[in-house]
Structure formats: C-alpha cells, structure tokens
Amino acid sequence: MSNSSSFNEFLLLAFTDTRKLQLLHFAFFLGIYLAALLGNGLIITAVACDHHLHTPMYFFLLNLSILDLGTISTTVPKSMANSLWDTRAISYSGCAAQVFLFVFLLAGEFSLLTVMAYDRYVAICRPLHYGTLMGSRACVKMAAAAWGSSFLNALLHTGNTFSIPLCQGNTVDQFFCEIPQILKLSCSDSYLREAGLLVATLSVVFGCFIFIVVSYVQIFTAVLRIPSEQGRHKAFSMCLPHLAVVSLFISTSFFAYLKPPSISSPALDLVVSVLYSVVPPTLNPLIYSMRNKELKDALRTVISWTFFSSGDIAIALQK
C-alpha cells in the first residue's frame with residue numbers, strides 16, 4: 001500500500017479470536033461502560049440540580065465528568081460492537097474522528113486537573129483571596145481555556161497524523177485508533193513531524209505535572225500547619241480525591257506513552273491502554289464521592305428523586 005488514501009478502513013487489535021471470549025469481552029466492557037455512564041451521569045445531574053454545589057470545585061468536577069463520559073464513549077462502544085459482530089474494522093473517517101476526540105478529551109482532562117489543582121491551592125493556601133481569584137467569570141475562563149487549548153491540540157495532532165503516508169498496511173495494534181500505533185504504519189522518516197509535535201505536547205504535559213506537584217507540596221505544607229484536627233481533616237478531604245484522580249490518570253498515561261520499547265508488546269500495550277483510557281473515567285466518580293459528604297447528600301437526593309418519580313409515573317400509568 002503506497003499511502004493512506006489506498007484503503008478506506010483500519011483493522012483494530014482484537015482482544016481474542018474465540019467467540020465465547022469475544023462475548024465475555026462485550027459483557028465486561030458493557031458493565032464498565034454502564035458503570036461509567038451511571039457514575040458520571042449522577043455527578044453531572046447532582047451538581048447541575050443542587051444549588052449547594054454551585055461552587056468552583058463542583059463546577060470543575062462537572063466538566064471533568066463530561067470529559068470522562070466523552071473519553072470512554074469514544075473507545076469502548078466501538079470495541080464492544082466489534083466483539084459482538086466479530087469484526088476488527090473501523091472506517092478511515094471513523095478512525096480519524098476517534099483520534100481527534102480521544103486526544104481532545106484526554107488533553108482536556110489533564111488541563112482541567114491542572115486547573116483543579118490551582119483551585120485547591122487557592123482554597124487552602126490563599127483562602128482570603130479565593131472569592132476574587134476563583135469568581136464565576138474566572139472559572140468559566142479557565143474551563144474555556146482548557147477546552148479550547150485541547151481542541152486546538154487535537155486538531156494539530158489529527159491533521160498531522162493523517163497527512164502522513166502510511167506504507168505498512170492498515171492494521172492498528174490497539175483496540176482503538178491511537179496515534180503511536182498509527183505512526184508505526186508510516187513510511188520511513190515521514191512520521192518525524194508528528195513525533196516532534198508529540199514531544200512538544202509531552203513537554204507541556206510535563207510542565208503541568210510539575211505545577212500540580214508544586215501546588216500540592218504547598219497545599220500539604222499549609223494543611224500541616226492547621227492547628228485543629230478537624231480543620232486538617234476537612235482540608236485533606238477536599239484535596240485527597242483530586243490527588244487520587246491525578247495520580248491514577250498520570251501514572252497510567254505516562255506509563256502508556258513513556259514505557260521503554262524493550263518491554264513493549266501487543267498484550268502489554270492492550271492492558272496499559274485499558275488502564276489509562278477505561279479505568280479512570282469509571283473510577284473517578286467513585287473516588288470523588290467516597291469522602292465528600294456534600295456530594296453524597298446530593299447524590300442521595302438525585303437517586304431518591306429518580307425512584308420517587310419513577311414510582312409516580314408507574315402509578316399514573318396504572319390508573
């Protein structure tokens with residue numbers, strides 16, 4: 001195949017060729033997907049409906065849940081469909097759309113986690129200036145900057161990746177269209193432009209990572225100075241869920257993209273890709289709601305309202 005225009009589809013990596021295991025994969029991914037939809041959907045509904053949660057922290061959490069829903073919806077449904085129908089194909093345009101959306105949503109999530117670290121820093125280290133620095137207009141601008149910069153980043157990466165001639169066939173060694181795997185199909189040296197862009201992006205990501213680390217060093221230094229145990233507990237309960245989400249996201253993403261080539265294999269790449277693309281969007285709602293009383297109360301209200309509304313509808317239909 002001379003270039004990328006000589007075919008109209010890619011072949012994704014299958015989890016298994018055994019029919020029973022394919023159906024098991026479908027059921028397993030369906031369970032994970034429904035859990036992610038339920039968890040993130042409940043958080044979005046709770047934050048949107050409960051006026052007590054109309055604060056910067058929960059505004060950013062709502063945006064994070066939207067990004068999580070988008071991330072898992074970009075990769076998992078197509079993989080489930082392929083397992084169910086025993087196929088590996090994804091259209092050329094579908095692959096390009098998957099690359100764009102995945103990079104957009106993943107970059108957006110990391111940008112938002114950086115903004116959330118700044119929010120926690122201001123809340124703990126500069127509480128008297130919190131209302132000024134984290135006003136509603138400032139929060140909207142920060143969220144818009146995270147979404148906008150991620151959109152431009154995804155546009156650049158997608159345009160660069162799919163302008164490169166592909167001479168090594170159309171088989172992608174991943175269960176979704178991932179840039180490093182597509183670059184393996186490129187002609188010799190033709191991938192250097194996109195590789196350079198990836199290095200530039202990783203440099204920005206590393207800068208954000210350093211910002212998060214420095215923010216939390218200052219946060220924990222300030223928390224340890226709080227005289228009351230109750231005050232320290234409240235501060236930790238505000239910060240630990242975000243830190244857990246950041247740690248999960250960064251550790252899996254960094255290992256996926258920075259692991260040595262010597263330990264790379266299709267099976268390991270598959271496991272790692274599931275860890276950073278599927279696990280965080282599913283676990284994030286659980287992590288954030290585990291130690292957060294306000295969010296727990298709001299979620300109980302949403303669930304109660306849902307059940308009561310369903311009961312009222314059922315009674316009305318019976319009448």
Within this structure, what is the [atom1]-[atom2] distance for the pair [X] and [Y], rounded to the nearest 0.5 Å?
X: I72; Y: T282; atom1: CD1; atom2: OG1; value: 3.5 Å
X: M80; Y: I32; atom1: CE; atom2: CD1; value: 10.0 Å
X: F10; Y: S91; atom1: CZ; atom2: OG; value: 9.5 Å
X: F29; Y: L34; atom1: CZ; atom2: CG; value: 13.0 Å
X: L105; Y: S277; atom1: CG; atom2: OG; value: 12.0 Å
X: L112; Y: S65; atom1: CG; atom2: OG; value: 9.5 Å

| request: Work out which heavy atom in N160 is nearest to a heavy atom in I164; give both atom names and the distance. | output: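 Distance-wise, the nearest heavy atoms are O-CG1, 3.1 Å.
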
| request: Measure across G41 and T45 and return the closest heavy-atom pair with its distance rounded to 0.1 Å. | output: O-OG1, 2.8 Å

Hey, does the side chain of [X] reach the backbone of [Y] with a donor-acceptor pair shorter than 3.5 angstrom?
X: T18; Y: K20; value: no
X: T114; Y: F110; value: yes
X: N40; Y: P281; value: yes
X: S186; Y: I182; value: no
X: N284; Y: P280; value: yes

| task | State yes or no: are the ring centers of F151 and F100 separated by less than 6.0 Å? | result |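 Distance test on ring centres: under 6.0 Å, yes.
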
| Does the ring center of F162 lie less than 6.0 Å from the ring center of Y92? |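 Yes; Y92 has its ring centre under 6.0 Å from that of F162.
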
| side chain to side chain contact (heavy atoms under 4.5 Å, CB included) with T221: which residues, sequence neighbours excluded? |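 Partners of T221 by the side chain to side chain contact (heavy atoms under 4.5 Å, CB included) criterion, ordered by chain and then number, come out as V217, R225.
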
| task | Not counting sequence neighbours, list each pair that qualifies as a ring pair (Phe, Tyr, Trp, His ring centres under 6.0 Å) and has a residue in residues 55-79. | result |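 Listed by first then second residue: nothing to list.
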
| said: According to ring-ring contact (aromatic ring centres under 6.0 Å, His included), who are the partners of F102, at least two apart in sequence or on a separate chain? | reply: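 With sequence neighbours excluded, F102 shows a ring-ring contact (aromatic ring centres under 6.0 Å, His included) to F176, Y276, given in chain and number order.
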
| ring-ring contact (aromatic ring centres under 6.0 Å, His included) against F26, all qualifying residues, sequence neighbours excluded |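 Residues passing ring-ring contact (aromatic ring centres under 6.0 Å, His included) with F26: none at all.
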
| Summary of disulfide bond (SG atoms under 2.5 Å apart) pairs that have at least one residue in residues 50-121, sequence neighbours excluded | C95-C177

N/O donor-acceptor pairs under 3.5 Å from side chains in residues 46-53, not counting sequence neighbours:
from : atom 1 : to  : atom 2 : distance (Å)
D50  : OD1    : H52 : N      : 2.9
D50  : OD1    : H52 : ND1    : 3.0

| said: Would you say CZ of R137 has more than 12 non-hydrogen atoms from neighbouring residues, nucleotides or ligands within 6.0 angstrom? | reply: no

| Does anything in residues 202-220 pair up under side-chain hydrogen bond (donor to acceptor under 3.5 Å, both in side chains), and if so which pairs, sequence neighbours excluded? |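 Qualifying pairs: Y216-H242.
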
| task | Assess the side chains of N170 and E9: does a donor N or O sit below 3.5 Å from an acceptor N or O? | result | no

Would you be so kind as to tabulate the donor-acceptor pairs closer than 3.5 Å made by side chains of residues 243-251, with sequence neighbours excluded?
from : atom 1 : to   : atom 2 : distance (Å)
S247 : OG     : L243 : O      : 2.8
S251 : OG     : S247 : O      : 2.7
S251 : OG     : L248 : O      : 3.2

Which side-chain N or O atoms in residues 115-129 pair as donor and acceptor under 3.5 Å with protein atoms at least two apart or in another chain?
from : atom 1 : to   : atom 2 : distance (Å)
D119 : OD1    : Y130 : OH     : 2.5

| note | Sorted by chain and number, sequence neighbours left out, side-chain hydrogen bond (donor to acceptor under 3.5 Å, both in side chains) with Q98 holds for none

| request: With sequence neighbours left out, write down each residue that passes side-chain hydrogen bond (donor to acceptor under 3.5 Å, both in side chains) with S79, or none if nothing qualifies. | output: H25

Can I get a per-line list of side-chain donor-acceptor pairs under 3.5 Å for residues 140-148, giving both atom names and the distance, sequence neighbours left out?
from : atom 1 : to  : atom 2 : distance (Å)
W147 : NE1    : N63 : OD1    : 2.9

